[in-house]
Peer 1: 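Below you will find the structure I want to go over with you.
Note that the structure is predicted; figures quoted are calculated from it, not measured.
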Amino acid sequence: MEISASDRELIAVMRQYFAAKAELDSLKKQLEAARQAAGEAIEVFYDPRQNAEHASDLQRSHRLKAEMLSLMQRAEAWGRAASAADRRDRSEAEPEEWQSFERRADEFFGA
C-alpha cells in the first residue's frame with residue numbers, strides 16, 4: 001500500500017502531538033512532585049508569577065498544551081478534508097445508481 005504525501009504529513013503531525021503529550025505528562029509529574037514536596041497550595045504553586053523557581057517549567061507546560069491544540073486542529077482539518085473528498089467521490093458514483101433505483105421504484109409504485 002502506498003502512503004500519500006498528505007498521509008505522511010498527518011503521521012508527522014500525530015508523531016509531534018504524541019511527543020509533546022509525553023513531554024507534557026512528564027513535566028506535569030515533575031511539577032506535581034515538586035509541589036507536594038514543597039507543600040504548596042495548587043493555586044500558588046501553578047501560578048508562574050508566584051513561583052519563580054518553576055516559572056519556566058510552568059510556561060513550558062502552557063506552550064506544550066498550545067502546541068498540542070494546534071497539532072490536533074491540523075489533524076482534524078486533514079480528517080475533514082479527507083471525509084469531504086470521500087463524500088465527493090461517493091456522490092459522483094451514486095447519481096446514476098440512484099437514478100436507476102428511482103426509475104424502478106416509480107415503475108413499481110406507479111408514479
Peer 1: Taking V13 as the starting point, is it possible to reach I11 by hopping between hydrophobic residues whose side chains are less than 4.5 Å apart?
Peer 2: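 Each belongs to a different hydrophobic cluster.
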
Peer 1: Other residues, nucleotides and ligands only: do more than 12 of their heavy atoms fall within 6.0 Å of CD on Q36?
Peer 2: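 Correct, the count exceeds 12.
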
Peer 1: Would you name the heavy atoms of S56 and R63 that are closest together and state the gap between them?
Peer 2: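 Taking S56 first and R63 second, the nearest heavy atoms are O-NH2, 4.4 Å.
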
Peer 1: Nearest 0.5 Å please: distance from the OH atom of Y17 over to the CG atom of L69.
Peer 2: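 Answer rounded to 0.5 Å: 9.0 Å.
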
Peer 1: Transitively linked via ILVMFWY side-chain contacts under 4.5 Å: F18 with L27?
Peer 2: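 Shared cluster, yes.
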
Peer 1: Ring pair (Phe, Tyr, Trp, His ring centres under 6.0 Å): which pairs involve residues 49-71, sequence neighbours left out?
Peer 2: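 Sorted result for residues 49-71: F45-H54.
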
Peer 1: Can you name the side-chain contact (heavy atoms from CB on, under 4.5 Å) partners of A41, sequence neighbours left out?
Peer 2: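 Testing A41 for side-chain contact (heavy atoms from CB on, under 4.5 Å), a comparison that skips the adjacent residues, returns E43, V44.
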
Peer 1: If hydrophobic clusters are built by linking Ile, Leu, Val, Met, Phe, Trp and Tyr wherever their side-chain heavy atoms come under 4.5 Å apart, do I42 and L31 end up in the same one?
Peer 2: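 Yes; tracing contacts between hydrophobic side chains, which count when under 4.5 Å, links both residues.
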
Peer 1: Can you list the residues that meet the side-chain contact (heavy atoms from CB on, under 4.5 Å) rule with S26, with sequence neighbours excluded?
Peer 2: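 S26 satisfies side-chain contact (heavy atoms from CB on, under 4.5 Å) with Q30 only.
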
Peer 1: Can you list the residues that meet the side-chain contact (heavy atoms from CB on, under 4.5 Å) rule with R49, with sequence neighbours excluded?
Peer 2: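 Expected list: D47.
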
Peer 1: Restricting to non-hydrogen atoms, name the atom on A55 and the atom on P48 that form the minimum distance, rounded to 0.1 Å.
Peer 2: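 Of all heavy-atom pairs spanning A55 and P48, the closest is CB-O, 3.7 Å.
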
Peer 1: Please, which pairs that meet salt bridge (charged side-chain N to carboxylate O under 4.0 Å, His left out) have at least one residue in residues 5-21, sequence neighbours excluded?
Peer 2: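 Sorted result for residues 5-21: E9-R74, K21-D25.
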
Peer 1: Can you sort out the partners of R60 under side chain to side chain donor-acceptor pair (under 3.5 Å), two or more places apart, ordered by chain and number?
Peer 2: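 For R60, the residues satisfying side chain to side chain donor-acceptor pair (under 3.5 Å) (neighbours in sequence not counted) are E23.
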
Peer 1: For residues 27-41, which residue pairs pass the salt bridge (charged side-chain N to carboxylate O under 4.0 Å, His left out) check, not counting sequence neighbours?
Peer 2: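 Residue pairs passing salt bridge (charged side-chain N to carboxylate O under 4.0 Å, His left out), neighbours aside: E32-R35.
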
Peer 1: In chain order, what residues pass the side-chain contact (heavy atoms from CB on, under 4.5 Å) check against S6, with sequence neighbours excluded?
Peer 2: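 side-chain contact (heavy atoms from CB on, under 4.5 Å) check on S6 returns S4, W78.
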
